[in-house]
Q: 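Input: one structure, supplied below.
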Amino acid sequence: MNTHPDPDMNPGDEAEPGTPGAGEDVCEICAGSGKQADGKPCPNCGGSGHVMRGIGGG
């Protein structure tokens with residue numbers, strides 16, 4: 001088991017970019033702005049405004 005977080009993933013990501021069955025979604029914490037109310041980058045999406053979500057079933 002890997003105990004080190006993936007540097008390419010943000011806390012709100014469910015999958016790495018490019019993963020089959022996953023897609024980009026608007027961050028629910030910052031509503032896609034990439035910023036918190038105080039102007040700092042959103043910690044959930046890393047300031048991008050987007051997170052990766054699992055969208056495929058199987």
Q: Sequence neighbours left out, what passes salt bridge (charged side-chain N to carboxylate O under 4.0 Å, His left out) with E14? Give chain and number order.
A: R53
Q: Going by side chain to side chain donor-acceptor pair (under 3.5 Å), name the pairs with one or both residues in residues 39-48, residues two or more places apart or in two chains.
A: none
Q: Taking atom NE2 of H50 and atom CG of N10, what is their separation to the nearest 0.5 Å?
A: 12.0 Å
Q: Please examine the side chains of M9 and E16, heavy atoms only from C-beta on, and report whether any two atoms are closer than 4.5 Å.
A: yes
Q: Would you say the side chain of P11 lies within less than 4.5 Å of the side chain of P43, judging by non-hydrogen atoms?
A: no
Q: Quick one: does C45's side chain get under 4.5 Å of C30's, heavy atoms only?
A: yes
Q: Looking at every non-hydrogen atom in both residues, tell me the closest pair between V51 and G12 and how far apart they are.
A: CB-O, 3.7 Å
